[in-house]
2 protein chains.
Amino acid sequence: MSTSSRPPTPVAARSADQRPRNAADTQHRLLDAARRQFARNGYSGTTVRDIAAEADVNVALISRYFRSKEGLFAACLTGAVDELGDTITAEVSLADLPLTIARQLAESDTDGLPTRLLLLLRSSGDEGADRIRLDVLKSFSVRLAALTGGGEDSLLNAQVVLATSLGITVLRSSVGLEPLASAGEQELVVPLEALIAALLPPASGLSKDS
Amino acid sequence: MSTSSRPPTPVAARSADQRPRNAADTQHRLLDAARRQFARNGYSGTTVRDIAAEADVNVALISRYFRSKEGLFAACLTGAVDELGDTITAEVSLADLPLTIARQLAESDTDGLPTRLLLLLRSSGDEGADRIRLDVLKSFSVRLAALTGGGEDSLLNAQVVLATSLGITVLRSSVGLEPLASAGEQELVVPLEALIAALLPPASGLSKDS
DNA sequence: AAGCGATGTAAACAAATGCTGACTTAGCCA
DNA sequence: TGGCTAAGTCAGCATTTGTTTACATCGCTT
């Protein structure tokens, strides 16, 4: 949970001048808004003033809590990385991998996998952030490859599957290409099954139904 | 060809103060530099001064020849679109589609398919540019789908193939994920063959019109 | 060779952007 | 309750960025 734990706010969102002071909530608010905007508009396409406005928080608090725009971006990145680990580290068999991926891709939550993936593709130019991005994508593909028998180029194939997921996310969220953009979980799972069957063969030899 | 036709330049690149005046060459120079930087750093991550510097041209000439940064971006986009049409409109059979794509993806030219695709994913926020991007990606996927028998969700599948190509490009050029990033044409063609065989079945017995 | 339009240059402006410092205020604890 | 620290506000700073304007100069035509 990252979006849902806020201090008791009876009715709607009370504006800043009547909201109780709460550092943790403010930081959370900033992280949420920042993640959305960074994912949608990229690092340099996002201004700290816009983030602060969406979070309904004073701009100066970004510097206070995250040291800088770069710091806020890094925080978003590591946050997304953590949650991303959660969604896939879970023991999923190769068999229900397509459905798992389809379900996540179809999620239109502002905090779902698509947003996290988009964020992962954004670069701030900072070397540390780029390193994080590379590491997480690498480990992700390694985990994917580990689900198969682990053949010769299973890692390469896993990265192609990852590429497909990223591409689908971009075409859906960022470009809005129809009919892919509004395809639901059921429609997405079909090509994903074919894709995974073709690229990530179950541990060779013994397989299931032809 | 877009990068290779410049006025006679005997030895190396003569700097601006000794280069003969030539509007067409200057425009081309700006387009080249802009396309590279827009593709690599996105729209808002690129400054007109950086473009002008790389093109070895005065900044004010961007406004003169392209009206604005937006205008320059639009020119890059339409240029990339035209060349993109060239590379795929060519009659390719479904059989050699994998090799064709692999060859293009492996191209590391500063003007190759990867750069054009990356450019196509960048948004300036301008509505017109976004429209161009959407249209070209749509027609691209339609053309891809037309290569198959044209079954029920052949368009969706074609867009998934397109998504894979985009994702591979991003992971290679923008993220640098190994081993995908340095995979050559021969290594790329293998998963692409599997992918296309699984998602774009040749007009087989069952349902094909005419 | 002269004139003149096309081409290129330099400087500057206004707006936007990231960030900082001094100040105010709320909430908690003795 | 009073005070003290954390939390939040406000205004402004130094740059960066896109664009424009006035000026210099090349090179073609006559």
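All heavy atoms count here, side chains included; hydrogens, waters and symmetry mates do not. Throughout, protein chains are lettered first and strands after them, A, B, ... in sequence-line order, and every chain is numbered starting at 1.
- Residue pairs that meet the salt bridge (charged side-chain N to carboxylate O under 4.0 Å, His left out) test with at least one member in residues 57-76 of chain A, sequence neighbours left out, do not exist here.
- Residue-to-nucleotide proximity on DNA chain C shows that, of B:T26 and A:Y43, the 5′-proximal contact is made by B:T26.
- A:D130 pairs by the salt bridge (Lys or Arg N to Asp or Glu O under 4.0 Å) definition with A:R133, not counting sequence neighbours.
- Remark: P of C:dG18 and CD of A:Q37 are 11 Å apart, rounded to the nearest angstrom.
- No hydrogens or angles considered: nothing links the side chains of A:N157 and A:S154 as a donor-acceptor pair under 3.5 Å.
- Contacts of B:Y65 classified as ring pair (Phe, Tyr, Trp, His ring centres under 6.0 Å), with partners at least two apart in sequence or in another chain: none.
- A:T26 pairs by the side-chain hydrogen bond (donor to acceptor under 3.5 Å, both in side chains) definition with nothing, not counting sequence neighbours.
- A ring pair (Phe, Tyr, Trp, His ring centres under 6.0 Å) check over residues 33-54 of chain A, counting only residues at least two apart or in different chains, returns the pairs A:F38-A:Y43, A:F38-A:F73, A:Y43-A:F73.
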With 3.5 Å as the limit, what N/O pairs link the protein to nucleotides 24-26 of chain C?
{"unit_1": "C:dT25", "atom_1": "O2", "unit_2": "A:R21", "atom_2": "NH1", "d": "2.6"}
{"unit_1": "C:dT25", "atom_1": "O2", "unit_2": "A:R21", "atom_2": "NH2", "d": "3.1"}
{"unit_1": "C:dA26", "atom_1": "O4'", "unit_2": "A:R21", "atom_2": "NE", "d": "3.4"}

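- A salt bridge does not link B:E54 with B:R49: none of the charged nitrogens is closer than 4.0 Å to a carboxylate oxygen.
- Taking the salt bridge (Lys or Arg N to Asp or Glu O under 4.0 Å) definition, one finds that A:R172 meets it with nothing, sequence neighbours left out.
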Short heteroatom pairs, N/O only, protein and nucleotides 12-15 of chain C, under 3.5 Å:
{"unit_1": "C:dA12", "atom_1": "N6", "unit_2": "B:R49", "atom_2": "NH2", "d": "3.4"}

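- In this structure B:R103 satisfies the salt bridge (Lys or Arg N to Asp or Glu O under 4.0 Å) test together with B:E185, sequence neighbours excluded.
- Within the 4.0 angstrom heavy-atom criterion, only backbone atoms of the sugar-phosphate kind lie near A:T46; the bases stay farther away.
- In this structure, B:R19 pairs ionically with B:D56, as a charged nitrogen and a carboxylate oxygen lie closer than 4.0 Å.
- Sorted by residue number, the members of residues 60-73 of chain B with any non-hydrogen atom under 4.0 Å from DNA chain C read B:A60, B:L61, B:R64, B:Y65.
- If you check every strand for non-hydrogen atoms under 4.0 Å, B:V59 touches a base.
- Between A:R131 and A:D126 there is no salt bridge, since no side-chain nitrogen of the basic residue lies less than 4.0 Å from a carboxylate oxygen of the acidic one.
- For the salt bridge (Lys or Arg N to Asp or Glu O under 4.0 Å) test, no residue two or more places apart in sequence or in another chain qualifies with A:R122.
- Put simply, chain B comes within 4.0 Å of DNA chain D, heavy atom to any atom, from D:dT17 to D:dG27, going 5' to 3'.
- Using modelled atom types and a 3.5 Å distance limit, the side chains of B:T100 and B:Q104 yield no donor-acceptor pair.
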